[in-house]
Every structure is written in C-alpha cells, then in structure tokens.
Enquirer: 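Sending over a structure as structure tokens; questions will come in a sec.
Each chain gets a letter, A, B and so on, in the order the sequences are listed, and its residues count up from 1.
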Number of protein chains: 2
Amino acid sequence: MKKKTTIYDIAKELNITVSTVSRALSGFSAISDTTREAVIATAKKLNYSPNRLASALKSGKTYIIGVIVPSVQAHFFASIIHSIEEGLKDSGYRVILYQSNESVENEINGVKTLLEAQVDGIMASMSLETEDVSHFAEIVKQNKPLILFDRVHNDLKVPTVTLDDFRAGYLATQHLIDQGYKNIAFVTTIHQIKIFNDRLKGYKSALETNNLPILKEHIIFGGLSIKDGRFGASKLMRLENKPDAIIAGDDFTALGVIKKLKEINETPPQIGVIGFANEAFSPYITPSLSTIDQHPNQMGSECAKMFLKMIQLKNPYQDVNHVILDPLLVERQSTIN
Amino acid sequence: MKKKTTIYDIAKELNITVSTVSRALSGFSAISDTTREAVIATAKKLNYSPNRLASALKSGKTYIIGVIVPSVQAHFFASIIHSIEEGLKDSGYRVILYQSNESVENEINGVKTLLEAQVDGIMASMSLETEDVSHFAEIVKQNKPLILFDRVHNDLKVPTVTLDDFRAGYLATQHLIDQGYKNIAFVTTIHQIKIFNDRLKGYKSALETNNLPILKEHIIFGGLSIKDGRFGASKLMRLENKPDAIIAGDDFTALGVIKKLKEINETPPQIGVIGFANEAFSPYITPSLSTIDQHPNQMGSECAKMFLKMIQLKNPYQDVNHVILDPLLVERQSTIN
DNA sequence: CTGAAAGCGCTAACAT
DNA sequence: ATGTTAGCGCTTTCAG
C-alpha cells in the first residue's frame, strides 16, 4: 500500500505551496481559476482524499454532530434521526448515532465518546434510567450546542423540542371517554421522566373534567415493553374493579396489552386500548392500534433548524427556545367501541 | 468559556513534560506509580478530556469503525448493529452508523465520509440499488478492513458474513409444500442482489425437487415494502392460475401481501404467506407471520470477531474468510394450513 | 523512568 | 493571487 496522498503531494506535483492547494480545495479564498482547476485535476489524478481529522484539529470544527437516542429500533426515533439528517443535509453537517439502550451508563459513555471525538454539537433523548444529568451539563459547559428532544429534563437549561405531553395524555383519555369507555386504566413507566409524568397528568385531568374517579389501582407503574404490557394488563384484569379501557405508555406496551387481552377473550375494542408513538407496526396488528402520533419528522426537522441557528451564535445559549408540538390522535380499531 | 485543558496544562501543573503525561495517561509505557497517580489526579482536577482527533492524527488510529446499513428501522439491521457493538465493546473500538436509505448515492457518500473521518474499518450491507462497487473497492485499496454482511457482492474480494440464502429460499418453499400448498408464488426485488437471487434459486430448486412446475407469472419482480407486497399480491390474485401460497422477499413485503389477502377475503393461512427476516412485528400481526430467521445477532458478532482478527494482520486481506449461517424456519399461523 | 523534539495533515494569519 | 510559517493536541522516537 502506498502512502495516502496529502495536499503536499499535490503542491509538489504542481510546484505551488500547500496553502494554495488548501485554498483551491476549500473553494473560497481568492484563487485564479487556472490554479484551482489544476489543483482539482491533480487531486483527482492522485486520488486525493482529505483528512478531516487534520482539518478539524486545526479549525476546531468537525462538522459532525452526535445524536444519542435510547434505541434506533423504535420507529419513532428512527424517524426523528431521518429528519435530522434531512434537515442538516445542505449544511455540510453529518450525523453520527449513538444508542443508549435505555442505560445511563451507555449514555454517559456516549456523551464522553462524542465529546472526545470533538463533535460540533449533540442532540439527545434521554434514557429511562437517567436522573442525574451532569454528563449532559458537561456539553453545555464546553459551550457546545446541546438540544434535547422528546425525553428532556428540566434541570438542563437548553433548547428542547417536545410534544405537548399533557395534551397527549388528555387527548388519549378524552378519546376513550368519547367512545363510551368509563373505567380507564393507565400503564406507564416507573421512572420519573417528564413526558410520562405529563401524560399521566393529562390523563388525570381528563378524568376529572369528565367527573370520573381517579383510581390508584388503575395506574400501573412498571416498564415499557411488550412484556410489561402483558403484565400490566393481566394485573389490571384481575382486579375486582376491572377497567374497560387501557392507555399504554407506548405502542410496544399497548401491543403487549392487546396480546394479553386477546388471550383472555377480551379482545379490543371490547376493552379499549390506545398507545403512544404510532409505531410502524401499529396499523398492521389486529385490531389495529389507536395511538397518539408524536410527529417525529417535525421533531427532527425542528432539531436541525434549532442547531443551525445555535451554531451561528457566539454563545449558543443566549437564546434558549422550546418548541412544543401538538399531539395528533390516530383512531383505529382498538378503541372504536 | 475557558479553553479546554490539554496535556500541556497537566504537565505545567506538575512541572513535568507532556511526554510523561501522555505516557501516564495511556497507561502502558514505563512510568512510576507516583507520577501516574499524580497525573491522573491532576487530569481529573482540571477536568481534562482527551482530544481523540489529535491522538488519531498522530497515531493513525481512530478506534472508530463505520457501519453502513440500508436502514436502521429494520429490526434485522438494528439487531446486527447491536451485536456488532456488543462484540466490539471490550476492544475499545466504537461504532458509528451511516444509513444509505437504499440509495447508492447515499452509500457512496457514506463511504467517503467515513473514510475522510479516518475510521479504522468499515462494515457494510449494500443498498438495493448498488451495482457498481468501486466506492467499496476504495476501502480495500486503502488497505483498511472492509467486511460485508448479508447483502454482499461477488466482485469484492473481502470477508463476508451471510446467510445460506439458497437454503433459506429452499426451506421456505419446502415448508409451504409440506403444509400442503402446491402453487407457490414468489414476490421479490427487481434488483440483482446476490442474496435475493439465491433465495429465488432455492425456491426453484425446491419446486423442482418436488416435481412442481416453475411458473414465470408466479415470480413477481418489484420492490420490497408493504406497498410492493400489496401490489404483488393483487397482481398474483388476479391471475387465472392463482397461487395458493406466496413467499415474500422480506417481512415488510409479506405484511403487505397479508393486508391485501385479508381485504379480498383470502386471509392466510387460506393462502399461505411466509417472509424473511423475522422482524419485530412478525409475531404480532394477525395472522402471525411465518418467516425465515436470519440470525442477525450471530451475524453481528461474527462481523465483530472478524474485524478484530483482520485488524491484527499487517495485511487485513491475507486471509479472506466467509462465514455462512444456517437459516432457521419460524413457523407461525400464516402457513399453518 | 523522564525529557526534548519532531511531526501527523491541514488551516490561517501575515507577508509579498 | 500566492508563499511562508506557526501551530491545533497528541504520540513517539531518541537521548539521557
């Protein structure tokens, strides 16, 4: 293997200096057309490929931004990522991904790795486990743009893009009430995450508004997964005062709930079931799953837009914005009583 | 914002030189325990975070490896990624992801970006569009490890990890035959991708072995998606000689097929349907989807193992291996006649 | 065991 | 419009 070509090789070939080559390649500074063309031609001839590391080391900008999500397997996050990439496409910024797999430890590691890789900014949605946010605070301390989306944290004074989760919870509950359900349970995570708390508040508020009682035994705090959904449903259906509808913390959990209900012959919409996130599978299961759409694409493009704005400012945090999106009810068979 | 601490700051603080600091931090070279401890303590005190860029520029190793997949939304690829990360965890290598979204252009860009970022190696599964593979050849030319998984290409003389796709196609077909289906159609991609061709060959071979005719009109070449599945199914079911079972190129396509069949009241297993990949939703749709499991986790860990081996050699390609995994039939309701 | 010094590939003043 | 030169932060000989 021959050594990689550098701008020095190009310079030597053309009997000019590296600065000229650098300028020609970057395209901006004053350069004669002939020189530029010659440089570009020689670069191609020598199969030159720039070393971004060196450039980044010198200029302090990598043009890479790190995105940390709990998991790329959720359609919701995958869609956000896609829209972030889309929104950043023309700016020259590239995205690299890091999954926390819902573990704080991984998340801390992710922040560290990305920071050490000198990314120009980070966008993140926190893991369920995350309570202490000092690892994120470190990003702010370095004065690098940090944008939180969906799963955010109040202690961090950074821009956020979220859903109106109170309204989301309210909407889901009101929809079930409108469909004639009167005894509505809620299966959610035990972790103190703002968005999940907000949804729960929305749920309670909707019940109150409709003069329905808030029953402690109808609120199940556990995990969010297919398994947890099954578990929550079976726990609820063994109650003396069985619910006639169940709101699940996300669509995966809702799927578990439905599985369980089918097994015990209480197939929705006999018992109403609604989830959150409008996952890819949700329209295709039987019965198809009603859910709250969280506008992942809008979320992603808002993040991108926000980042591009922040990167312009000398102090990225001089003007901290919060974008709040409106949830959208998607009615399907699982709640059509 | 204060400047970032460097090893110079630590050196100055302790009245030693940067080389000593560097050695202490890297942990290997001969260093007295006292010095090492002092350095580490000071590093923590000054909130030091290494600049990997500088280190990589000097040492030529970034300890980052790039993974290119068509899409992270497919459970299959997400699982592979997860297992790659798992397998690399203890080695110090980190993974960064790049999605091609099934576009060659994105794929070429991805290779370029990763190469410019000086990754230490690349693992990739090709987009459906990819025919010319010169962008991948460039990686080999730079003598950097390239490992192809699942969607591979014969022109590239690099290590691969794949499923025995001929057997996968055969297995799916034979299963349908065993279930009593006799008129089996195949909906696949129009793109000339090895794995899909191999499955088709397996399908044909199974038909031959069982003395069943291979009907041209029963092989639909289109795309792979829910939409394409619907399309393929409706095309097939309008035939004079309607099939009594359909093999779909992947589970998404199979899902589309099932949707369509349900609409025209030919709900599986009345018409048998089987897919490939055992996606996350496949057990949960109605009827649950029979499929061929492609062992994504094994695939990922084999990739990781292979990479670790290659990186040791002075010439990574001196010993090109091909791991071939055995497909696994997952029988569910959609084919239980 | 530690120090001195060169240099990875590139950018960006500052000259000319 | 082009050349000169000094680093970016780190690793790594080579000396001692």
Side-chain angles (χ1 to χ4, degrees), chain A residues 1-40 42-43 46-64 92 115-120 142 144, chain B residues 1-40 42-43 46-64 92 115-120 142 144:
Chain A
M1 186 190 57
K2 49 273 181 186
K3 288 225 52 54
K4 279 200 61 178
T5 26
T6 72
I7 51 173
Y8 280 89
D9 302 320
I10 300 178
K12 197 178 299 167
E13 184 87 5
L14 294 171
N15 278 315
I16 54 179
T17 58
V18 285
S19 36
T20 309
V21 175
S22 175
R23 280 186 276 251
L25 257 19
S26 69
F28 280 101
S29 331
I31 274 279
S32 78
D33 283 353
T34 35
T35 320
R36 189 198 327 283
E37 278 155 28
V39 168
I40 290 174
T42 315
L46 299 181
N47 194 21
Y48 169 75
S49 158
N51 184 334
R52 300 275 171 218
L53 250 46
S55 156
L57 178 60
K58 178 66 191 172
S59 69
K61 295 179 72 46
T62 54
Y63 289 97
I64 291 177
L115 244 24
E116 290 180 0
Q118 312 299 120
V119 294
D120 288 348
Q142 293 197 13
K144 285 194 176 172
Chain B
M1 185 191 60
K2 48 272 180 190
K3 288 225 51 56
K4 279 201 61 178
T5 24
T6 72
I7 52 173
Y8 280 88
D9 302 318
I10 300 177
K12 198 178 299 167
E13 184 87 5
L14 294 171
N15 278 313
I16 55 178
T17 58
V18 286
S19 29
T20 308
V21 175
S22 173
R23 279 187 276 251
L25 258 19
S26 68
F28 281 100
S29 333
I31 275 280
S32 76
D33 283 353
T34 36
T35 320
R36 189 198 328 284
E37 278 155 29
V39 168
I40 290 174
T42 316
L46 300 181
N47 194 21
Y48 169 74
S49 158
N51 184 333
R52 301 274 172 220
L53 250 45
S55 154
L57 178 59
K58 180 63 192 171
S59 70
K61 295 180 70 48
T62 54
Y63 290 96
I64 290 176
L115 244 24
E116 289 180 1
Q118 313 297 124
V119 294
D120 288 348
Q142 293 197 12
K144 284 194 177 173

Enquirer: Would you check if A:N51 and A:T6 make a side-chain contact, meaning some heavy-atom pair closer than 4.5 Å?
Expert: no

Enquirer: Is there side-chain contact between A:I16 and A:V39, with heavy atoms separated by less than 4.5 Å?
Expert: yes

Enquirer: Which one, C:dC10, D:dT11, D:dG9, comes nearest to the side chain of B:V18?
Expert: D:dT11

Enquirer: Have B:S22 and B:S19 got a donor and an acceptor in their side chains that come within less than 3.5 Å?
Expert: no

Enquirer: Rounding to an integer number of Å, can you tell me how far A:L25 CG sits from D:dA1 P?
Expert: 17 Å

Enquirer: Round to the nearest Å and state the distance from B:L14 atom CG to C:dC1 atom C1'.
Expert: 16 Å

Enquirer: Figure out the OH/P separation between B:Y48 and D:dG9, and round it to whole Å.
Expert: 10 Å

Enquirer: Which of these nucleotides, D:dT5, D:dT11, C:dG3, is closest to any side-chain atom of B:S59?
Expert: D:dT11

Enquirer: Using a heavy-atom cut-off of under 4.0 Å over every strand shown, decide if A:T17 touches base, sugar-phosphate, or nothing.
Expert: base

Enquirer: Separation of B:K61 atom NZ from D:dT11 atom P, in whole Å?
Expert: 14 Å

Enquirer: Between B:Y8 and D:dT11, does any side-chain N or O lie under 4.0 Å from OP1 or OP2?
Expert: no

Enquirer: Any base atoms under 4.0 Å from B:I31, or only sugar-phosphate, or nothing? Heavy atoms, all strands.
Expert: sugar-phosphate

Enquirer: Please report, rounded to the nearest Å, how far the P atom of C:dC10 is from the CD atom of B:Q118.
Expert: 9 Å

Enquirer: Is A:I10 close to A:T5 at the side-chain level, that is, under 4.5 Å between some pair of heavy atoms?
Expert: no

Enquirer: Once you round it to whole Å, what is the distance between P of D:dG7 and CD1 of B:I7?
Expert: 17 Å

Enquirer: Confirm from the modelled atom types if A:K58 and C:dG9 form a donor-acceptor pair under 3.5 Å, side chain to base only.
Expert: no

Enquirer: Using a heavy-atom cut-off of under 4.0 Å over every strand shown, decide if B:R23 touches base, sugar-phosphate, or nothing.
Expert: base

Enquirer: Would you mind telling me which residue lines up with the more 5' stretch of DNA chain C, A:N51 or B:N15, judged by nearest nucleotide?
Expert: B:N15

Enquirer: Under 4.0 Å: is that the gap between some side-chain N or O of B:S55 and OP1 or OP2 of D:dG9?
Expert: no

Enquirer: Which part of the nucleic acid, if any, lies within contact of B:S19, taking any heavy atom under 4.0 Å across all strands shown: a base, the sugar-phosphate backbone alone, or nothing?
Expert: base

Enquirer: Mind checking B:L53 for me? I need base, sugar-phosphate or nothing, with any heavy atom below 4.0 Å counting as a touch.
Expert: nothing

Enquirer: Distance check needed: D:dC8 C1' versus B:L57 CG, whole Å only.
Expert: 9 Å

Enquirer: Pick base, sugar-phosphate or nothing for B:T35, based on heavy-atom distances below 4.0 Å to the nucleic acid.
Expert: sugar-phosphate

Enquirer: Checking contacts here: which listed nucleotide (C:dC8, C:dG3, D:dG3) is nearest the side-chain heavy atoms of A:T20?
Expert: D:dG3

Enquirer: Rounded to whole angstrom units, what separation is found between the OH atom of A:Y63 and the C1' atom of C:dC10?
Expert: 14 Å

Enquirer: Looking across every strand, which nucleic acid part, if any, lies under 4.0 Å from A:S32 by heavy atom: base, sugar-phosphate, or nothing?
Expert: sugar-phosphate

Enquirer: Please give me the minimum heavy-atom distance between A:T62 and A:Q118, naming the atom from each residue.
Expert: OG1-O, 3.0 Å

Enquirer: Any side-chain heavy-atom pair from A:R36 and A:I40 closer than 4.5 angstrom?
Expert: yes

